[in-house]
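What follows is one structure encoded as structure tokens, with my remarks underneath.
A quick note: this is a predicted structure, and the numbers were derived from the prediction, not measured.
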Amino acid sequence: MRKFYLILALLLIIPASFCFDCESVNPKKMGSSLTRYSVSGLIELNFDDFSFENVEFNFRGVPHVNVLHHESNMALDIDEYGNQILVFEASNPSENLLWYYEASLSSVAKNEKIENNPPFPYAEEFPDEIKDYLEFTRTANEDDDIKLMASELVTGVSDYLTAIGKISQFVAYGLSYDLSYAGALSDASTVFMEKRGVCVEFSTLAISMLRSVGIPARYVSGYSFTDAGSKECFNFESHSWAEAYVPGHGWVSIDLTYKEFFWINSGHVPLYKSPDLIDISSLLVERRGASSADFVKSNVHSFEIELLQSDESGSDLSLSVSAPQIVAQDSYILINVSINNPTNYWIADTLVSAPIWTVDLINTNHAIPIIIPPMQSLTEYFIFKVPDLGCENFSCYSDANFIFYFGGGEQDFKTVRIGSDFQQKDSLADLLLIAGEDESIIVHDLSVRNIKFNREKFLAQNPVLSFLIKNAGNSIADVDLTIEYAGINITDRIENLLINEERLIEKTLALPSVNGVVPVNLTFESQNQLIVHNSSFIVVKEPDYDISLIKSGELSYSLIIGTDSPVIGTLRVSVNGRQAVFLELSKENSILIEKEYLKDGRNIIEFIIDYSEDNEYYFKVINDYIDYSMSIFEKIRLLIDSIIGFFRIIFSL
């Protein structure tokens with residue numbers, strides 16, 4: 001135990017000596033690199049009031065990449081999936097178990113060099129130890145819609161690596177990153193339907209799609225370095241990514257969230273690799289043996305990971321960028337990137353175009369998988385939208401830098417001048433024709449969500465329909481929209497929906513002459529894809545009878561609805577914009593407005609009556625005014641409340 005506390009003390013001192021400049025050891029920098037880490041961990045198990053004998057503990061989820069050195073009070077072992085685990089055997093221990101783990105690790109980021117790129121579909125037998133990674137699981141479940149999309153993506157693909165790249169790119173850009181999904185652990189069917197999530201959901205869908213086309217895939221749970229936060233060299237957070245199996249080569253990494261294909265940065269520290277998802281937020285303990293009860297009563301499970309060193313190296317690939325020297329404002333530009341592989345290996349890597357503030361990339365994604373045969377070259381095309389400089393009556397210029405680089409290193413860039421007096425423009429259709437020559441399949445995939453109206457009920461104003469539409473395919477989409485309601489038919493066209501673009505659409509509809517619930521049918525059609533959504537809104541009307549408002553006293557009102565029929569609805573009363581009263585309606589309603597809602601002087605009172613009768617909907621707003629003079633005591637109390645509120649705000653800051 002003394003040794004353990006000595007290690008903890010050293011761990012408190014070591015960070016101060018090694019965190020000299022985290023920017024210089026940031027493993028998220030693109031390029032081949034070797035990164036070293038210092039890792040420490042602690043687990044405490046409470047055995048109070050429990051008895052057992054001859055029990056073996058397997059502590060899973062131990063951080064590892066390449067262990068250069070490790071110390072622990074348990075033995076290090078390997079489980080059935082090749083993960084490092086700590087094993088501890090005990091016979092009726094009488095005190096709590098305090099486990100510690102300290103190690104130095106190294107991680108290498110480099111592109112994949114593969115001797116042979118197998119044919120696809122792959123017809124041969126996989127090794128027995130790999131077959132588990134073809135089976136669908138609780139989270140990477142089997143789904144007909146997922147199978148159909150995966151099959152469409154790889155239609156016409158004849159080699160194994162390209163099939164992995166097509167599916168990986170689709171998932172990486174087909175989902176929206178949404179932090180509200182953290183901890184949800186959604187299955188693949190849910191992810192495919194909602195097209196949102198965090199790293200777990202990205203990995204889940206990719207694994208399900210890869211298995212759907214016969215490619216073994218597995219989860220990797222662990223930590224990754226992030227340059228966000230304030231912990232400097234310790235900026236590691238829980239993360240999940242995927243690996244795909246390549247026959248004759250082994251596992252290749254794909255981080256769908258970071259858009260890293262066949263290359264992942266060396267800031268990744270895996271804890272556990274498995275066929276199905278493991279939640280690493282809980283303690284990963286497996287117990288074998290006899291026990292009177294579940295003795296894991298309480299635990300502390302923590303790791304500290306610190307960067308120590310990161311060394312960059314070059315890439316086997318070379319690239320060169322070609323672009324026009326000058327282009328017109330408000331036009332399009334085609335950039336081609338030539339890539340050369342001088343080796344005798346297939347090389348798989350990630351090609352990245354750096355974000356550029358002056359232009360928008362419209363025909364492909366900022367990071368794409370690259371697969372190059374031995375001793376060959378290829379060209380990738382990128383189309384950018386050039387902005388309007390706003391120069392109409394005089395000449396002006398702006399420079400745009402186009403930078404491209406590999407995950408494995410090597411980069412090139414071009415500076416293009418945008419000129420207001422340069423009139424030659426290339427049409428988008430012509431450029432798309434050039435850029436699309438290498439596409440083996442065009443995938444159309446739209447998603448529509450957040451369909452809603454600006455309010456539920458309408459009396460005299462027109463309804464405003466809004467929705468979000470996203471293009472998750474690999475080509476620019478034009479969408480035909482049809483809106484049908486109450487005998488009214490509206491057709492419209494959403495043009496040039498760019499790859500991965502999510503656009504907010506708002507449509508003001510004519511108010512129909514009918515009353516009550518109005519069903520609305522929406523149809524979205526793009527190429528061969530058809531999406532149908534149903535929604536509704538309510539048209540209300542003012543009643544044919546009078547509603548009288550009788551003021552009785554300074555703050556008391558009586559509301560009388562002049563009808564003999566039953567009344568179903570609500571009454572809301574607001575004073576100066578603040579809701580003061582809410583009640584269920586009856587034929588006669590007494591309303592008392594509390595003084596706390598009033599101010600000194602003129603007060604605006606709004607009565608909103610919302611009710612229905614025999615399936616007819618009614619809606620009415622009545623306005624009134626109160627002139628109210630505060631007493632001196634009320635003014636003093638209001639001043640004191642304001643002072644107290646001010647100091648509360650100051651102290652909270």
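Ion pair Glu201/Lys195 not flagged as a salt bridge, since none of the NZ, NE, NH1 or NH2 atoms sits closer than 4.0 Å to an Asp/Glu carboxylate oxygen.
Phe261 and Tyr173 have tilted rings, their planes meeting at an angle from 30° to 60° on a 0 to 90° scale. Between Trp251 and Tyr245, the angle of the ring planes goes over 60°, which puts this pair in the perpendicular group of the 30/60° scheme.
Residue Lys425 qualifies as enclosed at atom NZ: its count of foreign heavy atoms under 6.0 Å is above 12. Atom CG of Asp144 has 12 or fewer neighbouring heavy atoms from other residues, nucleotides or ligands inside a 6.0 Å radius.
Side-chain contact check for Ser377 and Asn340: at least one donor-acceptor pair (N or O, by modelled atom type) lies under 3.5 Å. Between Thr343 and Lys113, the side chains place no donor N or O within less than 3.5 Å of an acceptor N or O (distance only, hydrogens not considered). Side-chain N/O atoms of Asp178 and Ser180 include a donor and acceptor closer than 3.5 Å. No hydrogens or angles considered: nothing links the side chains of Tyr405 and Ser353 as a donor-acceptor pair under 3.5 Å. Using modelled atom types and a 3.5 Å distance limit, the side chains of Gln376 and Asn341 yield no donor-acceptor pair. Side-chain polar atoms of Ser320 and Asp412 form no donor-acceptor pair below 3.5 angstrom. Between the side chains of Asn462 and Thr508, no donor N or O sits under 3.5 Å from an acceptor N or O.
The two residues Ile164 and Ala244 have their closest heavy-atom pair at CD1-CB, 3.9 Å. For the residue pair Val220 and Ala242, the shortest heavy atom distance occurs at CG2-C, 4.5 Å. In terms of heavy-atom proximity, Leu256 sits nearest to Ser168 at CD1-O, 3.5 Å. Annotation for Ser240 and Val200: closest pair CB-CG2, 4.1 Å, computed over non-hydrogen atoms. Closest heavy-atom contact between Leu161 and Trp346: CD1-CB, 4.4 Å. Closest approach of Asn265 to Tyr258, counting heavy atoms only: ND2-CD1, 3.9 Å.
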For this session: Begin from the C-alpha positions of Tyr177 and Arg196 and carry the test side chain to side chain contact (heavy atoms under 4.5 Å, CB included) through to its verdict.
Result: CA-CA 6 Å; Tyr177 190 84; Arg196 309 182 76 77; over 6 Å; no
For this session: Go through the steps for Trp241 and His268 under the test side chain to side chain contact (heavy atoms under 4.5 Å, CB included), then give the verdict.
Result: CA-CA 9 Å; Trp241 60 99; His268 289 69; 3.7 Å; yes
For this session: Apply side chain to side chain contact (heavy atoms under 4.5 Å, CB included) to the pair Tyr332 and Phe384, showing each step before the final yes or no.
Result: CA-CA 6 Å; Tyr332 298 93; Phe384 294 88; over 6 Å; no
For this session: Determine, stepwise, if the pair Asn365 / Gln169 fulfils side chain to side chain donor-acceptor pair (under 3.5 Å).
Result: CA-CA 9 Å; Asn365 305 119; Gln169 187 175 4; 3.1 Å; yes
For this session: List the steps and the verdict of side chain to side chain contact (heavy atoms under 4.5 Å, CB included) for Val327 and Val416.
Result: CA-CA 7 Å; Val327 294; Val416 176; 4.0 Å; yes
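Note: Leu277 CG to Asp187 CG = 11.0 Å, rounded to the nearest 0.5 Å. To the nearest 0.5 angstrom, Phe422 atom CZ is 10.0 Å from Gln325 atom CD. Rounding to the nearest 0.5 Å gives a distance of 6.0 Å between CD1 of Ile469 and CZ of Phe467. Separation of atoms CD1 (Ile372) and CG (Asn111) is listed at 9.0 Å; rounding is to 0.5 Å. In this structure, CG in Asp421 is found 9.0 Å from CD in Gln329, a value given to the nearest 0.5 Å. We find the CZ-CG distance between Arg493 and Leu481 to be 11.5 Å, quoted to the nearest 0.5 Å.
When side chains are defined from C-beta on, Glu260 does not count as touching Ile254, because their heavy atoms never get closer than 4.5 Å. Looking at Tyr345 and Glu112, their side chains never come closer than 4.5 Å, going by heavy atoms from C-beta outward. Contact of the Phe262 side chain with the Ile371 side chain is registered, since non-hydrogen atoms from C-beta on lie closer than 4.5 Å. Inter-residue side-chain proximity for Ile333 and Pro324 is flagged as met; some heavy-atom pair is nearer than 4.5 Å. A 4.5 Å side-chain heavy-atom check between Trp263 and Val252 finds every atom pair outside the cut-off. Between Glu194 and Arg449 the shortest side-chain heavy-atom distance does not fall below 4.5 Å. Taking 4.5 Å as the limit, some side-chain heavy atom of Lys452 sits within range of a side-chain heavy atom of Ser466. The shortest side-chain heavy-atom distance between His239 and Thr257 falls under the 4.5 Å cut-off.
Panel note: side chain Ser526, backbone Asp478; a donor-acceptor pair is recorded below 3.5 Å. Side chain of Asn454 to backbone of Val464: a donor-acceptor contact under 3.5 angstrom is found. Using a distance-only test at 3.5 Å, with no hydrogens or angles considered, a donor-acceptor pair links the side chain of Ser203 to the main chain of Cys199. Judged purely by atom type and a 3.5 angstrom limit, Ser151 uses its side chain to pair as donor or acceptor with the backbone of Lys147. Checking side-chain atoms of Asn471 against main-chain N and O of Leu446 turns up no donor-acceptor pair under 3.5 Å. In this structure, Ser331 contributes its side chain and Ala328 its backbone to a donor-acceptor pair below 3.5 Å. Distance alone, capped at 3.5 Å, is enough to place a donor-acceptor pair between the Ser420 side chain and the Cys396 backbone. Without hydrogens or angle criteria, Lys414 side chain to Asn401 main chain gives no donor-acceptor distance under 3.5 Å.
For the side-chain contact (heavy atoms from CB on, under 4.5 Å) with Phe406, the qualifying choice from Thr350, Ile347, Ile339, Val352 is Ile339, the only one to do so. Of the candidates Phe382, Tyr381, Phe413, Phe404 forms a ring-ring contact (aromatic ring centres under 6.0 Å, His included) with just one, namely Phe382.
Tyr219 does not carry Lys273 over the face of its six-membered ring by the limits of under 6.0 Å from the centre and within 45° of the normal.
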